[in-house]
There are 2 protein chains.
Amino acid sequence: MKSIFQYFQLYNSLSKEAENAITEICSIIEIKKNQELQTFGHTCKTIYYINKGTARIYYYKDGIDITESFAFENNIIARVESLFTGNPSRKAIQILEDSEIVAINATQLFKLYDTYPEIERLFRKIFEVAYVDTVNRIEGIQFHSAEERYNALISEEPNILKKVPLKHIASYLGITQVSLSRIRAIK
Amino acid sequence: MKSIFQYFQLYNSLSKEAENAITEICSIIEIKKNQELQTFGHTCKTIYYINKGTARIYYYKDGIDITESFAFENNIIARVESLFTGNPSRKAIQILEDSEIVAINATQLFKLYDTYPEIERLFRKIFEVAYVDTVNRIEGIQFHSAEERYNALISEEPNILKKVPLKHIASYLGITQVSLSRIRAIK
DNA sequence: CTAATCCTTTAACATAAGATAAATAATTAC
DNA sequence: GTAATTATTTATCTTATGTTAAAGGATTAG
């Protein structure tokens, strides 16, 4: 469990005490491909960091499986629409490759915010950047064609095709799998 | 300048000292319809609160004016993709009705975070909720038809038609003005 | 290793939305 | 109040993506 603190360092440096306090509320999960890390219907009280592997957040809309987002090695994944509101999540987190995940107990983390402003600041900054990424993604969705979005995704995340089935990429891009197949066939 | 603190109260209560510190870094702007509150190209260092009026964030994509978001009375508006990264913003803020705006100096605000953890917490929570709204908006864009998105917008913000030209609503919805006209004609 | 299941592609047809142009309608400037 | 400008609608044609169905590949379970 070293690299999570390297990741944190990118946002805000922490005192040794703060690092120890965080370590105490983390656990490591080894989990296999296609398993559900978290399922539907409960209020999300965990933030995950991916040491190794790949995951996605997804939900069902009219019975169809829709991928909201992917997360890859050395990144955070959380169902923020539940974590930050306390509402039960309609979304689940599925593992897409055999993974090693750090689970951060968010209930306890939020308590640490009172004792360690540096920890509150760290997560404030992490989620500010995630927020900016989401704002930028809207721009991509609204004014690029499906083909442009696909190409952009591949160049941002060149290994995604090895890690993630195309059907999940299609729903993430907001198109059907048939459309994605057509787009790929053009090349 | 009363209602901004009522708004803050929804997120986190502040001590009198913290309120005073914030008041010191705020100024009130009276600004007329169609004026630009902030223009393109500079790093965004201001967070705005709308006491009265309406505003939008917009940018040009291939020469076409695109509305990224609207903000109405008693809400915050900021170009977060610049504010949180320090990058110059490609976006501008335009006033859509004669407005009264509170401008919060973000550079000084971020300094207050060191002295007043309660202020850092306040803005953390404000932007967490804004982040959640943005995540939910992606869901709307990706899996609803333009007609559904239009109807949803009207029911969320019934007065928008009195405040905002349809062309801005069209680009916000991710469609052309001609398509929006067609959708409205069906009824 | 084989069968069963799941994933991806291809084809044919349907439809929503884009592009362009022109006609009205509404607003703004003088 | 009128002209000029800007916003909105309507019409026509085009195109990207959706829908459904079926076939071919790949992966998984036993």
Side-chain angles (χ1 to χ4, degrees), chain A residues 31-36 53-54 56 58 60-67 70 94-98 138-154 159-187, chain B residues 31-36 53-54 56 58 60-67 70 94-98 138-154 159-187:
Chain A
I31 180 166
K32 295 280 183 198
K33 183 170 172 176
N34 293 328
Q35 297 287 108
E36 284 206 341
T54 305
R56 68 176 181 125
Y58 75 105
Y60 286 99
K61 171 152 253 153
D62 305 328
I64 297 166
D65 173 323
I66 312 256
T67 296
F70 297 110
Q94 186 189 39
I95 299 302
L96 298 174
E97 294 184 305
D98 295 358
I138 287 188
E139 195 179 324
I141 294 173
Q142 278 198 309
F143 284 92
H144 287 116
S145 66
E147 183 177 355
E148 288 168 320
R149 280 176 274 147
Y150 175 72
N151 291 332
L153 178 64
I154 299 303
N159 294 318
I160 195 171
L161 293 174
K162 292 174 206 150
K163 297 176 176 179
V164 177
L166 288 169
K167 60 177 181 173
H168 297 331
I169 294 177
S171 71
Y172 173 79
L173 293 173
I175 56 177
T176 61
Q177 197 180 344
V178 175
S179 278
L180 179 56
S181 239
R182 243 184 321 229
I183 287 164
R184 286 161 49 82
I186 291 167
K187 307 222 157 172
Chain B
I31 181 167
K32 294 279 181 196
K33 184 171 171 176
N34 292 328
Q35 296 287 107
E36 284 205 341
T54 305
R56 70 177 181 123
Y58 75 105
Y60 286 98
K61 172 152 254 155
D62 305 328
I64 296 165
D65 173 323
I66 310 252
T67 296
F70 298 109
Q94 185 188 39
I95 299 302
L96 298 174
E97 294 184 306
D98 295 357
I138 287 188
E139 194 179 324
I141 295 172
Q142 277 196 311
F143 284 93
H144 287 117
S145 68
E147 184 177 353
E148 288 170 318
R149 279 176 274 147
Y150 175 72
N151 291 332
L153 178 64
I154 298 303
N159 294 319
I160 195 172
L161 293 175
K162 293 174 204 148
K163 296 176 176 178
V164 177
L166 288 168
K167 61 178 180 172
H168 298 331
I169 293 176
S171 72
Y172 172 80
L173 293 173
I175 57 177
T176 62
Q177 196 182 344
V178 175
S179 279
L180 179 57
S181 237
R182 239 180 329 222
I183 287 165
R184 286 161 49 81
I186 290 165
K187 307 223 158 171

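First the proteins, then the strands, lettered A, B, ... as listed; each starts at 1.
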Original post:
Taking the side chain of Ser181(A) as its heavy atoms from C-beta onward, which of dT10(C), dA11(D), dT17(D) lies nearest to it?
Top reply: dT10(C)
Original post:
Tell me: CG of Leu161(A) to P of dC7(C), nearest whole Å?
Top reply: 16 Å
Original post:
Does a nitrogen or oxygen in the side chain of Arg184(B) sit under 4.0 Å from OP1 or OP2 of dT8(D)?
Top reply: no
Subject >> Whole-Å distance separating the CD atom of Glu147(B) from the C1' atom of dA17(C) >> reply: 12 Å
Subject >> Short side-chain N/O contact to dG18(D) OP1/OP2 from Thr176(A), under 4.0 Å >> reply: yes
**OP:** Give me the one residue out of Glu36(A), Arg56(A), Lys33(A) that meets side-chain hydrogen bond (donor to acceptor under 3.5 Å, both in side chains) with Gln94(A).
**Re:** Arg56(A)
Would you list the protein and nucleotides 22-30 of chain C atom pairs, both N or O, that sit under 3.5 Å from each other?
none

**OP:** Starting from P on dA22(D), measure out to CD on Gln177(A) and report it in whole angstrom.
**Re:** 18 Å
**OP:** Kindly indicate, with the supporting measurements, whether the criterion side chain to side chain donor-acceptor pair (under 3.5 Å) is fulfilled by Arg182(A) and Ser179(A).
**Re:** CA-CA 5 Å; Arg182(A) 243 184 321 229; Ser179(A) 278; 3.3 Å; yes
Subject >> Rounded distance in Å - CG (Asp62(B)) to P (dG18(C)) >> reply: 14 Å
**OP:** With DNA chain D as reference, determine whether Val178(B) or His144(A) sits nearer its 5' end, using the nearest nucleotide of each.
**Re:** Val178(B)
Original post:
Of the nucleotides dT9(C), dT20(C), dT17(D), which one has an atom closest to the side chain of Leu166(A)?
Top reply: dT9(C)
**OP:** May I ask you to verify if any side-chain N or O of Arg182(A) is less than 4.0 angstrom from the OP1 or OP2 atom of dT17(D)?
**Re:** no
**OP:** For Arg149(B) and His144(B), indicate whether the former's side chain and the latter's backbone hold a donor-acceptor pair under 3.5 Å.
**Re:** yes
Subject >> Which atom of Val164(A) lies closest to which atom of Phe70(A), heavy atoms considered >> reply: CG1-CE2, 3.3 Å
Original post:
Which heavy atom of Leu166(B) sits nearest a heavy atom of Leu180(B), and at what distance?
Top reply: O-CD2, 3.4 Å
Original post:
Is Lys61(A) atom NZ crowded by more than 12 heavy atoms from other residues, nucleotides or ligands, each under 6.0 Å away?
Top reply: yes
**OP:** Would you mind reading off the distance between Leu180(A) atom CG and dT8(C) atom P, rounded to a whole angstrom?
**Re:** 9 Å
Original post:
To the nearest angstrom, how far is Lys32(A) atom NZ from dT28(D) atom P?
Top reply: 12 Å
Original post:
Given that Lys167(A) and Ser145(B) both sit by DNA chain C, which one's nearest nucleotide is further toward the 5' end?
Top reply: Lys167(A)
Original post:
So does Ser179(B) get a side-chain nitrogen or oxygen closer than 4.0 Å to the phosphate oxygens (OP1/OP2) of dA17(C)?
Top reply: no
**OP:** Could you tell me the separation between the CD1 atom of Ile183(B) and the C1' atom of dG18(C), rounded to a whole number of Å?
**Re:** 12 Å
**OP:** Output yes when a side-chain donor or acceptor of Glu148(B) lies under 3.5 Å from a complementary backbone atom of Ser145(B), and no otherwise.
**Re:** yes
**OP:** With the side chain of Ile175(B) defined as its heavy atoms from C-beta on, choose the nearest nucleotide among dT10(D), dA17(C), dT17(D).
**Re:** dA17(C)
Subject >> Gln142(B) CD - dG18(D) P separation (whole Å) >> reply: 11 Å
